[in-house]
Amino acid sequence: MTKLIKLHPLDNVLVVVEEINAAERLLINDNMVYIPDAIAIGHKIAEGFIESGEKIIKYGVPIGSAITRIAIGMHVHLHNMKSDYIPTHY
């Protein structure tokens with residue numbers, strides 16, 4: 001996982017530390033995962049399946065909730081999660 005880092009053992013997202021190209025395959029938890037879209041440094045991807053309504057955990061704490069089911073390796077951002085703290089951001 002050289003392009004990804006897990007910041008805390010409780011996290012369910014991985015942080016991109018080297019840009020991911022569209023259609024790239026990465027090893028995540030011993031599974032080769034197809035990454036359909038390019039993802040920039042600093043963004044998050046799902047480490048495993050995240051169900052709609054499930055908390056997004058980063059730094060070991062919830063930073064928001066999924067608004068749709070998010071598959072392993074998918075980009076986790078404002079299009080599929082909402083903040084639980086700032087009502088104007090989702």
Side-chain angles (χ1 to χ4, degrees):
M1 278 197 318
T2 59
K3 291 191 172 193
L4 303 168
I5 188 170
K6 186 170 185 170
L7 298 174
H8 189 279
L10 297 177
D11 291 356
N12 59 3
V13 294
L14 303 167
V15 177
V16 176
V17 295
E18 183 180 324
E19 186 172 321
I20 297 172
N21 299 309
E24 192 166 343
R25 294 182 185 278
L26 296 176
L27 191 63
I28 300 175
N29 295 331
D30 298 324
N31 297 308
M32 191 58 69
V33 177
Y34 175 76
I35 312 295
D37 302 312
I39 305 174
I41 292 172
H43 284 253
K44 303 171 294 302
I45 68 166
E47 182 182 33
F49 282 99
I50 301 172
E51 297 298 331
S52 182
E54 187 176 340
K55 297 293 183 190
I56 306 296
I57 309 295
K58 183 178 176 185
Y59 312 114
V61 297
I63 62 167
S65 298
I67 57 174
T68 187
R69 187 170 196 251
I70 305 170
I72 298 167
M74 296 299 297
H75 187 200
V76 178
H77 201 54
L78 299 177
H79 65 284
N80 57 13
M81 70 168 284
K82 68 177 181 78
S83 171
D84 292 336
Y85 307 102
I86 305 169
T88 58
H89 292 84
Y90 52 73

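Note that these values count all heavy atoms, side chains included, but never hydrogens, waters or copies made by symmetry.
Not counting sequence neighbours, the partners of Glu51 by the side-chain hydrogen bond (donor to acceptor under 3.5 Å, both in side chains) test are Arg69. For Glu24, the salt bridge (Lys or Arg N to Asp or Glu O under 4.0 Å) partners two or more places apart in sequence, or in a different chain, are Lys3.
For the pair Ala46 and Ile50, the tightest heavy-atom approach, listed with the atom from each and the gap, is CB-CD1, 3.9 Å. Glu54 approaches Asn12 most closely through the heavy-atom pair OE2-ND2, 3.8 Å. Across all their heavy atoms, Ile28 and Glu47 have their closest contact at CG2-O, 3.7 Å. In this structure, Gly64 and Met81 approach most closely via the heavy-atom pair CA-CE, 3.9 Å. Of all heavy-atom pairs spanning Lys58 and Ile63, the tightest one is CB-CD1, 3.9 Å. Looking at every heavy atom in both residues, Ile35 comes nearest to Ile45 through CD1-CD1, 4.4 Å.
Between His75 and His43 there is a side-chain heavy-atom pair separated by less than 4.5 Å. By the 4.5 Å heavy-atom criterion applied to side chains, Leu26 and Ile20 are counted as neighbours. The closest side-chain heavy-atom distance from Pro36 to Met74 is below 4.5 Å.
Using modelled atom types, no side-chain atom of Asn21 and backbone atom of Ile39 make a donor-acceptor pair closer than 3.5 Å. In this structure a side-chain-to-backbone donor-acceptor pair under 3.5 Å is missing from Asp11 to Lys6.
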**OP:** Decide side chain to side chain contact (heavy atoms under 4.5 Å, CB included) for Leu4 and Val15; before the verdict, give the C-alpha distance in whole Å, the side-chain angles of both, and the deciding distance to 0.1 Å.
**Re:** CA-CA 5 Å; Leu4 303 168; Val15 177; over 6 Å; no
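Linking ILVMFWY residues whenever their side-chain heavy atoms come closer than 4.5 Å, directly or via other members, places Val17 and Leu7 in the same cluster. Note on Phe49: it does not cluster hydrophobically with Ile57, by side-chain heavy-atom contacts below 4.5 Å among ILVMFWY residues.
Interatomic distance, Ile56 CD1 to Lys82 NZ, rounded to the nearest 0.5 Å: 10.5 Å. Atoms CG and OG1, from Asn80 and Thr68 in turn, are 7.0 Å apart once rounded to the nearest 0.5 Å. Summarising the geometry, atom NE2 belonging to His8 is positioned 12.5 Å from atom OH belonging to Tyr59; distances are rounded to the nearest 0.5 Å.
Taking the six-membered ring where the residue is Trp, His79 and His77 present tilted rings, their angle falling between 30° and 60°.
Between the side chains of Ser65 and Asp84, at least one donor N or O lies within less than 3.5 Å of an accepting N or O.
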